[in-house]
Amino acid sequence: MGTDGTLVISPNHPVFDLPEIVALERGLFSRRGLEVRFAEADETTYDPSERDPIARRKEALYETEGADVYNLCEWGGIDRLERGRRAGRIDYLRPAVVAQALVSFDPLLNEPHDLGGVPVAVNEFTGSHYTALHLLGNTLARQEVVVRHVGAPHLRLRALRSGQARAAMLMEPFLSVALKEGAHLLGSYFYRGSQVVAPHLGQEHRDAYILAVNQAVDLIRERPWRESAHHIVREVEGDLTPEELGRSHVRYTHAQPFAAKRFHESYAWMKSWGLTEGRNDYGSLLGTG
């Protein structure tokens with residue numbers, strides 16, 4: 001935690017961090033005795049095309065103890081704890097249920113079957129990468145699935161626009177921008193993420209944090225969509241208004257435990273693709289052992 005006792009969140013894209021954003025706006029953390037803030041980082045020091053996941057913004061902030069918690073996809077949570085030097089645990093599955101969508105401007109690409117041998121733009125070892133493998137691996141022979149690291153979603157959208165990529169995985173709000181500009185969907189894959197927490201955070205702090213986040217989820221579901229949309233579209237200011245942000249590829253629900261059955265299924269899948277050496281288990285990564 002910060003020197004002033006503040007619990008520091010390493011920021012993700014607003015579509016994933018929306019419950020925390022709302023909890024801070026409405027004072028839900030402080031009502032439960034927590035002082036919480038997002039970490040401040042100089043964006044110019046982080047390369048959006050960075051290939052090493054530990055060197056990316058949210059991971060680097062956590063790794064250097066500049067933040068106490070951060071969220072990312074469930075497979076990424078496993079990967080970062082295995083790659084990183086700083087200890088931690090996966091505390092729960094995050095409230096944001098978001099789709100990565102396979103999109104293209106190319107009229108010759110219309111369904112996942114058309115992607116055999118065609119590189120799909122992703123950000124390696126993030127939700128865009130893992131969901132591409134899930135989506136295409138259920139259709140194509142694995143040797144026909146080709147993903148290419150491009151980097152952050154704005155870089156993948158740029159590669160689509162320029163023709164450098166024939167297909168890419170995108171989530172909101174970049175997905176709505178691409179569709180507005182004439183791209184078409186080939187498929188989508190919904191997934192939840194996981195919350196990585198530092199080892200020094202006690203159960204009382206973790207419980208209070210989750211309760212505040214879940215209360216924020218209830219508010220998000222009750223209020224008009226535009227009140228959430230304006231936070232999400234700030235990443236693409238000038239390209240999309242809050243009213244233009246689609247609703248069908250994102251929703252919010254209460255945080256859920258990362259059950260042992262789900263972990264074992266996800267971990268076995270990662271191992272089958274060579275995405276983990278398989279040297280850990282449920283106890284070591286979720287702090288139950």
Side-chain angles (χ1 to χ4, degrees), residues 12-18 48-49 51 53 56 58-59 70-80 93-106 109-115 118-140 142 145-161 165-181 183-195 229 232-233 235-236 239-240 245-253 262 265-266 269-270 273 275:
N12 201 344
H13 298 282
V15 71
F16 301 124
D17 278 342
L18 185 63
S49 66
R51 194 157 192 167
R56 297 170 189 163
K58 61 180 180 287
E59 289 90 345
Y70 69 105
N71 75 68
L72 68 175
C73 67
E74 66 177 277
W75 314 281
I78 292 169
D79 176 75
R80 304 311 187 270
L93 297 175
R94 72 181 178 210
V97 183
V98 176
Q100 290 279 350
L102 180 60
V103 297
S104 178
F105 287 100
D106 190 330
L109 302 179
N110 292 289
E111 56 177 320
H113 272 288
D114 297 335
L115 271 294
V118 177
V120 174
V122 303
N123 194 16
E124 268 189 340
F125 307 112
T126 69
S128 63
H129 180 186
Y130 299 112
T131 56
L133 298 182
H134 273 287
L135 186 61
L136 295 173
N138 287 328
T139 303
L140 301 169
R142 286 197 174 191
V145 177
V146 182
V147 294
R148 178 167 67 90
H149 174 75
V150 171
H154 72 279
L155 297 181
R156 304 197 302 270
L157 177 58
R158 182 190 303 170
L160 270 183
R161 285 166 164 164
R166 295 178 66 195
M169 299 296 290
L170 293 176
M171 83 289 185
E172 296 293 10
F174 306 93
L175 173 58
S176 285
V177 173
L179 295 176
K180 176 184 175 182
E181 295 179 0
H184 55 272
L185 283 171
L186 287 81
S188 62
Y189 191 99
F190 277 91
Y191 66 109
R192 299 189 76 138
S194 59
Q195 191 86 2
I232 297 171
V233 301
E235 285 195 293
V236 291
D239 287 333
L240 200 71
L245 180 69
R247 297 189 59 176
S248 59
H249 288 93
V250 56
R251 56 184 176 269
Y252 299 91
T253 186
R262 176 164 178 156
E265 291 168 350
S266 295
W269 177 84
M270 291 179 69
W273 280 92
L275 298 167

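Every residue two or more places apart in sequence or in another chain that forms a ring pair (Phe, Tyr, Trp, His ring centres under 6.0 Å) with Tyr189 is listed here: His134. Every residue was checked against the side-chain contact (heavy atoms from CB on, under 4.5 Å) condition with Ser248, not counting sequence neighbours, and none meets it. Here Arg51 pairs with Glu124 under the salt bridge (charged side-chain N to carboxylate O under 4.0 Å, His left out) rule; sequence neighbours left out. With sequence neighbours left out, the salt bridge (charged side-chain N to carboxylate O under 4.0 Å, His left out) criterion links Arg148 to no other residue. Contacts of Arg80 classified as salt bridge (charged side-chain N to carboxylate O under 4.0 Å, His left out), with partners at least two apart in sequence or in another chain: Glu59. Scanning for side-chain contact (heavy atoms from CB on, under 4.5 Å) contacts around Val146 gives Pro119, with sequence neighbours left out. For the side chain to side chain donor-acceptor pair (under 3.5 Å) test, residues two or more places apart in sequence or in another chain that qualify with Ser176 are Glu172. For Tyr130, the ring pair (Phe, Tyr, Trp, His ring centres under 6.0 Å) partners at least two apart in sequence or on another chain are Trp75. For the salt bridge (charged side-chain N to carboxylate O under 4.0 Å, His left out) test, residues two or more places apart in sequence or in another chain that qualify with Glu74 are Arg262. For Leu133, the side-chain contact (heavy atoms from CB on, under 4.5 Å) criterion is met by His129, Val145, Val147, Trp269, Trp273, Leu275, not counting sequence neighbours. With sequence neighbours excluded, no residue forms a ring pair (Phe, Tyr, Trp, His ring centres under 6.0 Å) with Phe16. Listed by chain and number, the residues in a side chain to side chain donor-acceptor pair (under 3.5 Å) with His249 amount to none (sequence neighbours excluded).
Under the 4.5 Å side-chain criterion, counting only non-hydrogen atoms from C-beta, Arg156 is not in contact with Phe174. Side-chain contact between Leu136 and Val120 is present, with at least one heavy-atom pair separated by less than 4.5 Å. Side-chain contact between Leu185 and Leu175: present, with at least one pair of heavy atoms (C-beta onward) separated by less than 4.5 Å. Using a 4.5 Å cut-off on side-chain heavy atoms (C-beta onward), Thr131 and Leu102 make no contact. Between His13 and Pro153, the closest side-chain pair of non-hydrogen atoms falls below 4.5 Å. Two residues are said to be in side-chain contact when any heavy atoms from C-beta on lie closer than 4.5 Å; Val98 and Phe190 fail this criterion. Within the 4.5 Å cutoff, the side chain of Val177 has heavy atoms near those of the Arg161 side chain.
When atom types are taken as modelled, the side chain of Arg192 and the backbone of Arg94 share a donor-acceptor pair closer than 3.5 angstrom. Between the side chain of Ser104 and the backbone N or O of Arg166, at least one donor-acceptor pair lies under 3.5 Å.
Taking OG of Ser188 as the start and CD of Gln100 as the end, the distance is 10.5 Å to the nearest 0.5 Å. Here Lys58 contributes atom NZ and Thr126 contributes atom OG1; the two are 7.5 Å apart, rounded to the nearest 0.5 Å. Note: Leu157 CG to Glu181 CD = 6.0 Å, rounded to the nearest 0.5 Å. Here the OG-CG distance, from Ser128 to Leu170, works out to 8.5 Å after rounding to the nearest 0.5 Å. Here the CG atom belonging to Leu135 is positioned 5.5 Å from the CE atom belonging to Met169, to the nearest 0.5 angstrom. Taking OG1 of Thr139 as the reference point, atom CD of Glu111 lies at 8.5 Å (rounded to 0.5 Å).
With no hydrogens or angles considered, a side-chain donor-acceptor pair links Asn71 and Asn12 at under 3.5 Å.
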- Item | Residues Leu186, Val103; criterion side-chain contact (heavy atoms from CB on, under 4.5 Å); working and verdict | CA-CA 6 Å; Leu186 287 81; Val103 297; 5.5 Å; no

- Stepwise salt bridge (charged side-chain N to carboxylate O under 4.0 Å, His left out) test for Asp79 and Arg56: CA-CA 13 Å; Asp79 176 75; Arg56 297 170 189 163; over 6 Å; no

- Message: Determine whether Tyr252 and Val97 satisfy the following criterion, side-chain contact (heavy atoms from CB on, under 4.5 Å), listing intermediate values before the conclusion.
- Response: CA-CA 6 Å; Tyr252 299 91; Val97 183; over 6 Å; no

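Here the closest non-hydrogen pair linking Tyr191 and Gly127 is OH-CA, 3.9 Å. The heavy-atom pair separating Asn123 from Gly151 by the smallest distance is CB-O, 3.2 Å. Between Pro173 and Leu240, the shortest heavy-atom distance links the atoms O-CD2, 3.8 Å.
Within 6.0 Å of the NE2 atom in His184, the count of heavy atoms belonging to other residues, nucleotides or ligands exceeds 12.
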